Amino acid sequence: MSSSLRVFWGLSLVWGLSLTAPQPSVQFTVPENTPVGTIIGSINRPGVLSYSQSGFSSHFDIDIDKGIITVTKSPDREVQDRYTMTVLLIFDPKEPSAPKEPTPLHVTISILDINDHSPSFPQKNHGLGDI
(Lines give C-alpha, C1' and ligand atoms only; values in the text may rest on other atoms or scores of the structure.)
Protein backbone atom coordinates (compact mmCIF):
# COMPACT_ATOMS: atom_id res chain seq x y z
CA MET A 1 0.00 0.00 0.00
CA SER A 2 1.40 3.37 -0.93
CA SER A 3 0.37 6.84 0.04
CA SER A 4 0.84 10.06 -1.81
CA LEU A 5 0.47 13.75 -1.13
CA ARG A 6 -0.79 16.04 -3.86
CA VAL A 7 0.03 19.73 -3.51
CA PHE A 8 -1.54 22.37 -5.75
CA TRP A 9 -0.11 25.87 -5.90
CA GLY A 10 -1.66 28.90 -7.44
CA LEU A 11 -0.63 31.64 -5.03
CA SER A 12 -0.35 35.34 -5.57
CA LEU A 13 0.08 37.98 -2.89
CA VAL A 14 -2.05 41.06 -3.45
CA TRP A 15 -2.07 44.23 -1.42
CA GLY A 16 -5.46 45.92 -1.58
CA LEU A 17 -5.96 49.66 -1.68
CA SER A 18 -7.11 51.41 1.47
CA LEU A 19 -7.02 54.94 2.79
CA THR A 20 -5.78 53.78 6.19
CA ALA A 21 -3.51 50.76 5.71
CA PRO A 22 -3.08 48.04 3.12
CA GLN A 23 -5.20 44.94 3.68
CA PRO A 24 -3.11 41.97 2.62
CA SER A 25 -4.76 39.17 0.71
CA VAL A 26 -3.72 35.90 -0.90
CA GLN A 27 -5.29 33.96 -3.72
CA PHE A 28 -5.12 30.24 -4.36
CA THR A 29 -6.40 28.24 -7.30
CA VAL A 30 -7.37 24.59 -6.98
CA PRO A 31 -9.09 22.18 -9.41
CA GLU A 32 -12.59 21.01 -8.53
CA ASN A 33 -12.82 17.49 -7.09
CA THR A 34 -9.47 17.95 -5.32
CA PRO A 35 -9.18 15.11 -2.77
CA VAL A 36 -9.70 15.70 0.94
CA GLY A 37 -6.40 16.26 2.74
CA THR A 38 -4.69 17.98 -0.21
CA ILE A 39 -2.53 20.95 0.78
CA ILE A 40 -3.45 23.90 -1.38
CA GLY A 41 -1.06 26.42 0.10
CA SER A 42 0.54 28.07 3.07
CA ILE A 43 0.17 31.55 4.49
CA ASN A 44 3.08 31.12 6.88
CA ARG A 45 4.56 34.52 7.70
CA PRO A 46 7.67 35.40 9.75
CA GLY A 47 6.89 36.52 13.29
CA VAL A 48 3.40 35.01 13.35
CA LEU A 49 2.69 32.90 16.44
CA SER A 50 -0.67 31.53 15.29
CA TYR A 51 -3.49 31.90 12.80
CA SER A 52 -7.13 32.35 13.78
CA GLN A 53 -9.72 31.47 11.16
CA SER A 54 -12.83 33.50 10.60
CA GLY A 55 -15.51 32.70 8.06
CA PHE A 56 -13.79 29.55 6.78
CA SER A 57 -15.82 27.28 4.56
CA SER A 58 -16.52 23.67 5.42
CA HIS A 59 -14.45 22.82 2.31
CA PHE A 60 -11.14 24.14 3.68
CA ASP A 61 -9.25 24.25 6.96
CA ILE A 62 -6.14 26.00 8.22
CA ASP A 63 -3.56 24.62 10.61
CA ILE A 64 -3.57 27.35 13.28
CA ASP A 65 0.09 26.71 14.17
CA LYS A 66 1.62 26.41 10.66
CA GLY A 67 -0.71 28.41 8.40
CA ILE A 68 -1.22 25.50 5.99
CA ILE A 69 -4.57 25.39 4.16
CA THR A 70 -5.99 21.96 3.27
CA VAL A 71 -9.09 20.57 1.59
CA THR A 72 -11.66 19.14 4.04
CA LYS A 73 -14.46 18.59 1.52
CA SER A 74 -13.84 18.18 -2.21
CA PRO A 75 -14.98 21.39 -3.98
CA ASP A 76 -17.38 21.31 -6.94
CA ARG A 77 -17.16 24.33 -9.27
CA GLU A 78 -20.73 23.81 -10.48
CA VAL A 79 -21.89 24.41 -6.89
CA GLN A 80 -19.47 27.24 -5.96
CA ASP A 81 -16.58 28.69 -7.96
CA ARG A 82 -14.92 30.84 -5.28
CA TYR A 83 -14.48 30.81 -1.52
CA THR A 84 -13.42 33.82 0.54
CA MET A 85 -12.42 33.86 4.16
CA THR A 86 -10.37 35.85 6.64
CA VAL A 87 -7.43 34.66 8.70
CA LEU A 88 -6.23 36.71 11.66
CA LEU A 89 -2.44 36.74 11.95
CA ILE A 90 -1.41 36.81 15.60
CA PHE A 91 2.15 38.11 15.89
CA ASP A 92 4.80 37.52 18.52
CA PRO A 93 4.48 40.43 21.00
CA LYS A 94 8.22 40.21 21.72
CA GLU A 95 9.01 41.34 18.16
CA PRO A 96 9.46 45.13 18.26
CA SER A 97 8.26 45.68 14.68
CA ALA A 98 5.31 43.29 14.89
CA PRO A 99 1.76 44.66 14.97
CA LYS A 100 0.27 44.64 18.46
CA GLU A 101 -3.22 43.67 17.25
CA PRO A 102 -4.15 40.64 15.10
CA THR A 103 -3.89 41.48 11.40
CA PRO A 104 -6.55 40.26 8.96
CA LEU A 105 -5.41 38.38 5.87
CA HIS A 106 -8.09 37.90 3.24
CA VAL A 107 -7.93 34.49 1.53
CA THR A 108 -9.62 33.74 -1.79
CA ILE A 109 -9.69 30.21 -3.20
CA SER A 110 -10.82 29.95 -6.83
CA ILE A 111 -12.04 26.59 -8.12
CA LEU A 112 -10.95 25.52 -11.61
CA ASP A 113 -13.46 23.71 -13.79
CA ILE A 114 -12.74 20.09 -14.69
CA ASN A 115 -14.84 18.39 -17.38
CA ASP A 116 -16.47 15.92 -15.00
CA HIS A 117 -19.85 15.64 -16.74
CA SER A 118 -19.89 13.49 -19.87
CA PRO A 119 -22.30 14.54 -22.62
CA SER A 120 -25.40 12.37 -22.98
CA PHE A 121 -27.50 11.72 -26.06
CA PRO A 122 -31.02 10.33 -25.65
CA GLN A 123 -31.01 8.52 -29.03
CA LYS A 124 -28.11 6.23 -29.99
CA ASN A 125 -28.29 6.49 -33.81
CA HIS A 126 -29.33 9.42 -35.91
CA GLY A 127 -30.21 9.22 -39.58
CA LEU A 128 -30.42 12.10 -42.03
CA GLY A 129 -34.17 12.27 -41.52
CA ASP A 130 -33.68 12.80 -37.77
CA ILE A 131 -31.68 16.02 -38.09
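Keep in mind it's a predicted model, so treat the numbers as computed, not measured.
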Nearest-0.5 Å distance, [atom1] of residue [X] to [atom2] of residue [Y]:
{"X": "Gln27", "Y": "Thr108", "atom1": "CD", "atom2": "OG1", "answer": "5.5 Å"}
{"X": "Ser110", "Y": "Glu32", "atom1": "OG", "atom2": "CD", "answer": "13.0 Å"}
{"X": "Leu112", "Y": "Ile114", "atom1": "CG", "atom2": "CD1", "answer": "6.5 Å"}

Check residues 82-99 and write down every donor-acceptor pair under 3.5 Å in which the side-chain atom is one partner and the other belongs to a residue at least two apart or another chain.
{"residue": "Thr86", "atom": "OG1", "partner": "His106", "partner atom": "ND1", "Å": "3.4"}
{"residue": "Asp92", "atom": "OD1", "partner": "Lys94", "partner atom": "N", "Å": "3.0"}

Exercise for the section: Examine Val26 and Tyr51 and state if one hydrophobic cluster contains both, with Ile, Leu, Val, Met, Phe, Trp and Tyr joined whenever side-chain heavy atoms are less than 4.5 Å apart. Expected result: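 Yes, Val26 and Tyr51 fall within the same hydrophobic cluster.
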Show every donor-acceptor pair shorter than 3.5 Å between a side-chain atom in residues 58-74 and any protein atom, with sequence neighbours excluded, or say none if there are none.
{"residue": "His59", "atom": "ND1", "partner": "Ser57", "partner atom": "OG", "Å": "3.3"}
{"residue": "Asp61", "atom": "OD1", "partner": "Gln53", "partner atom": "NE2", "Å": "3.4"}
{"residue": "Asp63", "atom": "OD1", "partner": "Asp65", "partner atom": "N", "Å": "2.8"}
{"residue": "Asp63", "atom": "OD1", "partner": "Lys66", "partner atom": "N", "Å": "2.9"}
{"residue": "Thr72", "atom": "OG1", "partner": "Ser58", "partner atom": "O", "Å": "2.5"}
{"residue": "Thr72", "atom": "OG1", "partner": "His59", "partner atom": "O", "Å": "3.2"}
{"residue": "Thr72", "atom": "OG1", "partner": "Phe60", "partner atom": "N", "Å": "3.2"}
{"residue": "Ser74", "atom": "OG", "partner": "Asn33", "partner atom": "O", "Å": "3.4"}
{"residue": "Ser74", "atom": "OG", "partner": "Thr34", "partner atom": "N", "Å": "3.4"}
{"residue": "Ser74", "atom": "OG", "partner": "Thr34", "partner atom": "O", "Å": "3.0"}

Exercise for the section: Kindly give the heavy-atom pair with the smallest separation between Pro31 and Pro75, and that separation in Å. Expected result: O-CG, 4.2 Å
